[in-house]
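So you know, we letter chains A, B, ... as the sequences are listed, proteins then strands, and number each from 1. Every heavy atom of this structure was used, including side-chain atoms; hydrogens, water molecules and symmetry mates were not.
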Amino acid sequence: MPGRKLGFAVKVLGEPDLPSHDTRRWQSGPHLSVSLERLGRIFDYLARARIAMYRFSSSLVPYGTHPDLPQFHGQVEECTEKLASLGEHARTLGLRLSSHPSQYIVLNSTSPEVSRRAVRDLELQARLLDAMGLGPEAVVVLHVGSAEAGPEAGKERFLRAVERLPGAARGRLVIENDDRVFSVADVADISKRTGLRVVWDILHHHCHDPEGIPDREALRLALATWPAGQVPKIHYSSPKTAVEERARKRGRRRERRLVLPQLRAHADMVDPIAFEQFLRGPARGLSFDVMLEAKAKDAALLRLREQLAARGLPSEDGALRTP
DNA sequence: CGATGTCAAGGAATC
DNA sequence: GATTCCTTGACATCG
């Protein structure tokens with residue numbers, strides 16, 4: 001069994017002064033070239049920390065598709081060479097990259113304008129990965145989106161939108177099960193009808209699993225949507241506990257309701273015992289990379305790796321050795 | 001300097 | 001039909 005990559009999303013907390021992208025307001029003229037310099041410094045950090053998978057910021061291209069700011073729309077083309085060399089750097093490092101557009105990118109919105117904007121953003125994310133010359137394992141992860149007029153209608157709108165999607169964007173697009181509407185069975189069905197690959201999010205599955213599909217079966221369902229020769233990936237996180245939730249609410253100054261566990265929120269860290277049980281149980285013998293979604297980002301990844309090593313699951317070159 | 005408001009952006013629940 | 005929440009981090013502004 002080959003090693004398994006562990007990754008984290010966007011923000012680096014393990015070292016200071018490693019911003020993820022150019023965050024300036026449009027008035028200050030932010031640019032992809034600045035974001036890419038910062039991304040390069042993050043790559044160096046990832047190499048030092050032996051972290052082999054990373055999700056870059058969905059705002060890497062500042063205002064890259066903003067409808068009122070066309071002067072920002074050519075940034076990928078303006079950075080062709082920088083992107084190519086960064087991509088080569090990533091390939092040299094064996095770094096697996098991905099993108100995950102924000103909640104505002106809703107491909108199956110009932111508003112045609114919102115859906116068109118989503119298409120433009122997905123095209124932009126795909127052009128980034130293409131310009132970096134990355135292989136098919138570098139994907140753009142998206143939720144199915146809106147359930148307006150019911151989940152079935154939402155699913156149909158999604159299918160129609162994917163049909164209209166330009167090839168480059170469609171080739172990078174991967175769908176993820178969400179925590180309240182579209183289950184792993186739903187996204188597997190969409191995959192069957194579109195050929196899109198599926199990222200299984202275990203926490204979302206535990207929040208929303210109307211079909212009652214056991215973890216191993218859900219995992220296999222998702223992994224089967226990836227072609228032979230590609231390493232699938234999943235999202236893994238631990239739920240925020242009642243204690244953490246209470247602490248957060250106290251931080252704000254509102255106490256209108258009893259504080260109950262919000263099992264859908266991501267915890268700061270990853271529970272190493274649960275993760276080990278997952279690897280030794282439902283995931284045993286299966287091959288995939290793991291994107292961790294913990295509030296503590298890379299700090300959570302590094303801590304988890306230590307704890308796993310102490311429990312007899314060591315990692316080498318950023319890839320976890322697993323049963 | 002610390003606190004507070006704002007940001008490009010959607011959807012759904014609530015009133 | 002309009003408002004509020006969700007949830008997020010950092011910039012911008014103000015005292």
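Side-chain nitrogen and oxygen atoms of A:Arg25 include none within less than 4.0 Å of the OP1 or OP2 phosphate oxygen of C:dA10. Using a 4.0 Å cut-off, no side-chain N or O of A:Thr23 falls inside it from OP1 or OP2 of C:dA10. For B:dA12, one of the phosphate oxygens OP1 or OP2 lies less than 4.0 angstrom from a side-chain nitrogen or oxygen of A:Ser146. A close approach under 4.0 Å does occur between a side-chain nitrogen or oxygen of A:Tyr63 and OP1 or OP2 of B:dA8. Within the structure, every side-chain polar atom (N or O) of A:Lys11 is placed at least 4.0 Å from both OP1 and OP2 of C:dT8.
Atom NE2 in A:His143 sits roughly 18 Å away from atom P in C:dC6 (whole-Å rounding). Note: CG (A:Asp22) to C1' (B:dA8) measures 16 Å, nearest angstrom. When rounded to the nearest whole Å, the span between CZ of A:Arg55 and P of C:dG9 equals 13 Å. Between the CG atom of A:Asp178 and the C1' atom of B:dG10 there is a distance of 14 Å, rounded to whole Å. Put simply, CG on A:Leu124 is 17 Å from P on B:dA8, counting in whole angstrom units. Atoms CZ (A:Arg157) and P (B:dG11) sit 9 Å apart, rounded to a whole Å. What separates CZ of A:Phe158 from P of B:dG10 is a distance of 18 Å, to the nearest Å. The interatomic distance linking A:Lys297 (NZ) with C:dG9 (P) rounds to 7 Å, in whole Å.
Shown here, B:dA12 forms a base pair with C:dT4; the pair counts as Watson-Crick or G-U wobble because both key distances fall under 3.5 Å. Remark: C:dG15 base-pairs with B:dC1; criterion is Watson-Crick or G-U wobble with both hydrogen-bond distances under 3.5 Å.
Ring centers of A:Trp200 and A:His205: under 6.0 Å apart, within the cut-off. In this structure, A:His143 has its ring center under 6.0 Å from that of A:His100.
When each of C:dT8, B:dA12, B:dA9 is scored by its nearest atom to the side-chain atoms of A:Ala147, the top-ranked nucleotide is B:dA12. Comparing B:dG11, C:dA10, B:dA9 against the side chain of A:Ser109 picks out B:dG11 as the nearest. Which of C:dA10, C:dG9, C:dA12 sits closest to the side chain of A:Ser28 comes down to C:dA12. Of the candidate nucleotides B:dA9, C:dG9, B:dG10, B:dG10 has the atom nearest to the side chain of A:Val106.
The two residues A:Leu60 and A:Ser20 make their nearest non-hydrogen contact at CD1-O, 3.8 Å. Shortest non-hydrogen contact noted between A:Arg305 and A:Ala49 is NH2-O, 2.8 Å.
At a non-hydrogen distance threshold of 4.0 Å, nothing from residues 67-78 of chain A comes into contact with DNA chain B.
Relative to the six-membered ring of A:Tyr54, A:Arg96 misses at least one condition, a distance below 6.0 Å or an angle of at most 45° to the axis.
The separation of C:dT8 from B:dG2, taken at their P atoms, amounts to 24 Å, rounded to a whole angstrom. B:dA8 and C:dT7 have their P atoms separated by 22 Å, with the value rounded to a whole Å.
Among the protein residues, A:Arg24 comes within range of no part of the nucleic acid, since none of its heavy atoms lies under 4.0 Å from any strand.
Under the 4.0 Å criterion applied to side-chain N and carboxylate O atoms, A:Asp298 and A:Lys11 are not assigned as salt-bridge partners. Using a cutoff of 4.0 Å between basic side-chain nitrogens and carboxylate oxygens, A:Arg55 and A:Glu293 are scored as salt-bridged.
The backbone N or O of A:Arg157 lies less than 3.5 Å from no partner atom in the side chain of A:Asn108, so there is not a single donor-acceptor pair.
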